[in-house]
Structure formats: C-alpha cells, structure tokens
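Below is one structure, written out as structure tokens, with a few remarks after it.
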Amino acid sequence: MHLQILLSEDSDYRQSQGCLEKQSPGVVSCSDIVALVARDVVVETGGLTWNVETGRRDGTVSRLNEALANLPPPLFNITQLKANFQGKGLNVKDLAVL
C-alpha cells in the first residue's frame, strides 16, 4: 500500500522525479532521489551531511510490477524480512545494509 501511494501520479516523489527528468533526461534515477531525500532529511533534523553520488547505476528502466514482486511489503516483521531476503540469496547483514 505504501509503495502504491509513493508512486501515485500526484505524490511529491513523482512530481520531483518528473521535474528532475525534464531537466536531466535519463540521468537521475529513482534511487538517486531516495538517497538525496534521505540525506536532506538527516541534515534538516540536525544530522551530518555527506556527498551523494548520483547517476544511473541502478538501471535505466523501472517497472512497478518488478518492484512489487521483489520488494518485501512494508508491514513485514523481522522474521518475515529475514526469510524474504534469504529467499533471494541475501543474509541478515544485507538486510541491515539495505
């Protein structure tokens, strides 16, 4: 449900993505936007800043159906998350890092 709200056409995220895509077609990825927003939220709440490397290193195409099929639901508990990651060949360290 949360992913669907984030990706709805009128969300702030989608509007930001559209503006960036118009100014820099094919350059700024979805992961760039998430990384930049995460950094800015940390800074705005009194945390340290850091440089964020941007650029399409994650791919040039995003497909909603692939995201929904491969990302764990937002309400998974830790046991479900560990099982989900293990099913994709990932471990608990991968879970913590991602």
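On a predicted model such as this, the values are computed, not experimentally measured, just so you know. Side-chain atoms are counted along with the backbone in the values below, which use heavy atoms only and exclude waters and symmetry mates. In what follows, residues are counted from 1 in the order of the sequence shown.
- For Val37, the side chain to side chain contact (heavy atoms under 4.5 Å, CB included) test picks out Ile33, Val41, with sequence neighbours left out.
- The side-chain heavy atoms of Asn91 and Gln86, taken from C-beta on, include no pair separated by under 4.5 Å.
- In terms of the side chain to side chain contact (heavy atoms under 4.5 Å, CB included) criterion, residue partners of Glu66 (sequence neighbours excluded) are, by chain and number, Arg63, Asn70.
- Scored by the side chain to side chain contact (heavy atoms under 4.5 Å, CB included) test, Val52 finds Ala35, Leu36, Arg39, Trp50, Thr54 as partners (sequence neighbours excluded).
- More than 12 heavy atoms of other shown residues, nucleotides or ligands fall within 6.0 angstrom of atom CD in Gln80.
- Taking Ile, Leu, Val, Met, Phe, Trp and Tyr as members and joining any whose side-chain heavy atoms lie under 4.5 Å apart, directly or through other members, the hydrophobic cluster of Leu98 also contains Phe76, Ile78, Leu81, Phe85, Leu90, Leu95.
- Evaluation of the side chain to side chain contact (heavy atoms under 4.5 Å, CB included) rule for Thr79 yields Asn77 as partners, not counting sequence neighbours.
- Applying the salt bridge (Lys or Arg N to Asp or Glu O under 4.0 Å) test to residues at least two apart or on different chains, none of the pairs has a partner in residues 86-98.
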